[in-house]
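Reviewing the structure listed below.
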Amino acid sequence: MIAKLEEIAAGFARIEHDLNDPAVASDHRRVRELSIKRAAMEGVVKDYAEFRKLAAEAKELREVLASRGADKDFLELAEAELPGVESRAKELIERVKSALVYADDRRVGSVILEIRAGTGGDEAALWARDLFEMYQRLAVRRKWKFEPLDLTAEGNAGGYRHAMANVVGEGVWSEMLFEAGVHSVKRVPATESQGRIHTSTATVAVLPEPEEVDVKIDWAADVREDVTTAQGPGGQNVNKVATAVKLLHIATGIEVRMQESKSQQQNREKARKLMLARLYEVERAKKHAERSAARNSQIGAGERSEKIRTYRYKEAIIADERLPGQYPLRDVLAGDMDALLHDLMEQETTKRLEAL
């Protein structure tokens with residue numbers, strides 16, 4: 001654990017150095033990325049530095065008590081102070097340990113959110129839209145940047161068959177990672193004339209967006225790019241001008257299509273961003289499978305097949321499969337997910353600390 005803390009402290013020092021570099025300061029995107037990482041690491045680094053001071057102070061006091069030639073009053077003072085110093089050091093290192101288990105997660109300041117309608121026809125598409133808007137409200141509350149990447153409509157009711165967004169901000173991955181899985185809703189659809197409750201589902205995937213250094217792609221050699229006209233409604237520019245970009249990663253067969261923007265260049269940049277995230281997720285999933293091979297529990301793993309939560313409109317509550325309690329439906333749909341996410345993080349923190 002100490003080695004990991006030293007590594008984080010060294011990384012924090014490098015970030016501080018880079019932020020003071022005039023060449024970096026002129027790159028606003030780079031400054032934003034580094035600032036998010038710095039904010040995620042700062043608390044751990046400061047607490048660890050304070051712990052080291054307390055540990056050194058406790059060591060000196062113990063040495064005083066162990067020495068026979070020390071002044072009597074000095075010995076009494078050291079004996080009185082040592083328990084308090086050791087208690088503060090113990091409390092601090094426990095706090096550092098809790099922060100440490102999320103240190104790597106908090107350094108990821110950008111994710112790709114992907115929502116797909118599941119079973120339930122038009123009602124499932126409406127549910128996918130409701131979830132998308134719920135996370136949009138959460139982003140506003142957290143002061144995260146929320147940029148829609150692709151919205152594929154379904155039917156005439158205004159729902160989404162498929163929706164993607166790029167969410168950027170401090171702590172976005174450490175909180176959003178709990179949302180991956182199947183979200184089930186039990187409610188009376190607007191199209192239901194008999195007032196019967198239906199069950200519909202939508203799947204949520206949350207992909208940490210890597211930096212270029214994390215995933216190596218030779219865009220000319222590894223990826224085939226096709227530029228076409230966009231599909232669906234949108235007027236003359238969308239349907240007649242070649243702005244949609246489709247990318248195929250030859251080695252893995254991963255395919256990405258982006259047409260949300262009217263600019264071909266913007267669609268290319270968004271498509272590449274999503275391609276990087278999906279390739280990174282493939283590698284992350286492999287490593288996760290290797291680490292989890294010997295574990296019985298898969299809580300928090302984020303597999304899409306895992307049902308994680310049910311939203312019950314009749315009772316106005318939400319039941320999360322991983323937690324014993326219930327949560328107000330209205331608050332969560334309004335983006336107030338503080339209590340729910342806090343309980344999930346507490347549970348995961350305990351689990352990760354036990355694994356240290």
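Just so it is clear, the model here is predicted, and its values are computed rather than measured.
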>> side chain to side chain contact (heavy atoms under 4.5 Å, CB included), that's the test. Do D150 and M258 meet it? Break it down for me.
In response: CA-CA 7 Å; D150 181 41; M258 195 63 59; 4.2 Å; yes
>> side-chain hydrogen bond (donor to acceptor under 3.5 Å, both in side chains) for E255 and H249? Distances and angles first, verdict last.
In response: CA-CA 6 Å; E255 186 174 290; H249 189 253; over 6 Å; no
> So E114 and R278, salt bridge (charged side-chain N to carboxylate O under 4.0 Å, His left out) or not? Walk me through it.
Replying inline: CA-CA 11 Å; E114 185 174 7; R278 286 190 171 163; 2.8 Å; yes
>> Under the criterion salt bridge (charged side-chain N to carboxylate O under 4.0 Å, His left out), I'd like the reasoning laid out for R32 against D27: C-alpha separation, chi angles, the key distance, then a yes or no.
In response: CA-CA 9 Å; R32 179 183 176 86; D27 184 345; over 6 Å; no
>> With side-chain hydrogen bond (donor to acceptor under 3.5 Å, both in side chains) as the criterion, how do S261 and K270 come out once you've worked through the C-alpha distance, each side chain's angles and the decisive distance to 0.1 Å?
In response: CA-CA 9 Å; S261 298; K270 291 179 180 180; 3.0 Å; yes
>> Using side chain to side chain contact (heavy atoms under 4.5 Å, CB included), reason through K53 and Y48 one step at a time and then give a plain yes or no.
In response: CA-CA 9 Å; K53 286 172 59 178; Y48 177 51; over 6 Å; no
> Between V282 and T252, is a side chain to side chain contact (heavy atoms under 4.5 Å, CB included) present by the stated rule, with each step listed?
Replying inline: CA-CA 10 Å; V282 168; T252 62; 5.8 Å; no
> E179 and R309: salt bridge (charged side-chain N to carboxylate O under 4.0 Å, His left out), yes or no, with the steps?
Replying inline: CA-CA 9 Å; E179 296 305 298; R309 195 175 299 150; 2.7 Å; yes
>> Please evaluate residues K262 and T243 with respect to the criterion side chain to side chain contact (heavy atoms under 4.5 Å, CB included), reporting the C-alpha separation (whole Å), side-chain torsions for both, the decisive distance (0.1 Å), and the verdict.
In response: CA-CA 6 Å; K262 294 182 180 180; T243 57; 5.6 Å; no
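Rounding to the nearest 0.5 Å places CD1 of I217 at 4.5 Å from CG of L276. The structure places CD of E315 at 6.0 Å from CZ of R312, a figure rounded to the nearest 0.5 Å. Taken from CH2 in W144 to OH in Y135, the straight-line distance is 10.5 Å, to the nearest 0.5 Å. With values rounded to the nearest 0.5 angstrom, L19 atom CG is found 8.5 Å from R30 atom CZ. Here E86 contributes atom CD and E57 contributes atom CD; the two are 10.5 Å apart, rounded to the nearest 0.5 Å. From L151, atom CG reaches atom CD of Q259 across 10.5 Å, with rounding to the nearest 0.5 Å.
Scanning both residues, P328 and I318, for their nearest heavy atoms gives O-CD1, 4.5 Å. Considering every non-hydrogen atom in both A78 and V64, the closest pair reads CB-CG1, 3.9 Å. Minimum interatomic distance between S200 and G120 (heavy atoms only, all atoms of both residues): OG-CA, 3.9 Å. The shortest heavy-atom contact between A202 and I115 is CB-CG2, 4.4 Å. Here the closest non-hydrogen pair linking I250 and A221 is CD1-O, 3.9 Å. Scanning both residues, N166 and V111, for their nearest heavy atoms gives ND2-O, 2.9 Å.
If you chain together hydrophobic residues whose side chains sit under 4.5 Å apart, W219 and V245 fall into the same group. By the rule that hydrophobic residues join a cluster once side-chain heavy atoms approach within less than 4.5 Å of another member, Y313 and L131 end up as members of one cluster. Both L333 and L340 belong to a single network of hydrophobic side chains, linked directly or stepwise wherever heavy atoms of I, L, V, M, F, W or Y lie under 4.5 Å apart. I93 and L82 fall within a single hydrophobic cluster, where Ile, Leu, Val, Met, Phe, Trp and Tyr side chains are chained together by heavy-atom contacts under 4.5 Å. Grouping the Ile, Leu, Val, Met, Phe, Trp and Tyr side chains by contacts below 4.5 angstrom, directly or via other members, places L138 with L323.
Between K37 and D18 there is no salt bridge, since none of the side-chain N atoms of the basic residue sits less than 4.0 Å from a carboxylate O of the acidic one. A salt bridge does not link R88 with E50: every distance from a Lys NZ or Arg NE/NH1/NH2 to an Asp or Glu carboxylate oxygen is 4.0 Å or more.
Between M337 and R137 there is no side-chain heavy-atom pair separated by less than 4.5 Å. In this structure the side chain of W173 never reaches within 4.5 angstrom of the side chain of L207, judged on heavy atoms. R322 has its side chain within reach of L344: a pair of non-hydrogen atoms, C-beta onward, lies under 4.5 Å apart. Looking at heavy atoms from C-beta onward, V182 lies out of side-chain contact with I308 at the 4.5 angstrom threshold. Put simply, the side chain of E154 does not reach to within 4.5 Å of the side chain of Y160, judged on heavy atoms. Between V223 and L248, every side-chain heavy-atom pair lies at or beyond the 4.5 Å cut-off. Looking at heavy atoms from C-beta onward, L279 lies in side-chain contact with M275 at the 4.5 angstrom threshold. A heavy-atom distance below 4.5 Å is found between the side chains of Y311 and H183.
Counting heavy atoms of neighbouring residues, nucleotides and ligands inside a 6.0 Å radius, atom CZ of R52 does not exceed 12 of them. Enclosure of atom CZ in R224 is not indicated, since only 12 or fewer non-hydrogen atoms of other residues, nucleotides or ligands lie within 6.0 angstrom. Open room surrounds CD on E91; 12 or fewer heavy atoms of other groups in view lie less than 6.0 Å from it. The environment of E42 atom CD is dense: over 12 non-hydrogen atoms of other residues, nucleotides or ligands sit within 6.0 angstrom.
No side-chain donor-acceptor contact under 3.5 Å links S87 to the backbone of P83. A donor-acceptor contact shorter than 3.5 Å links the side chain of N20 to the backbone of E16.
When V168, V108, V172 are each tested for a side-chain contact (heavy atoms from CB on, under 4.5 Å) with I36, only one passes: V168. Exactly one residue among R141, R330, R142 makes a salt bridge (charged side-chain N to carboxylate O under 4.0 Å, His left out) with D336. That residue is R141.
Between S184 and T201, the side chains place no donor N or O within less than 3.5 Å of an acceptor N or O (distance only, hydrogens not considered). A side-chain donor from one of T228 and R257 sits under 3.5 Å from a side-chain acceptor of the other. With hydrogens and angles left out, the side-chain atoms of D343 and Y327 include a donor and acceptor closer than 3.5 Å.
Here the two rings, on F146 and F132, have centers that are under 6.0 Å apart.
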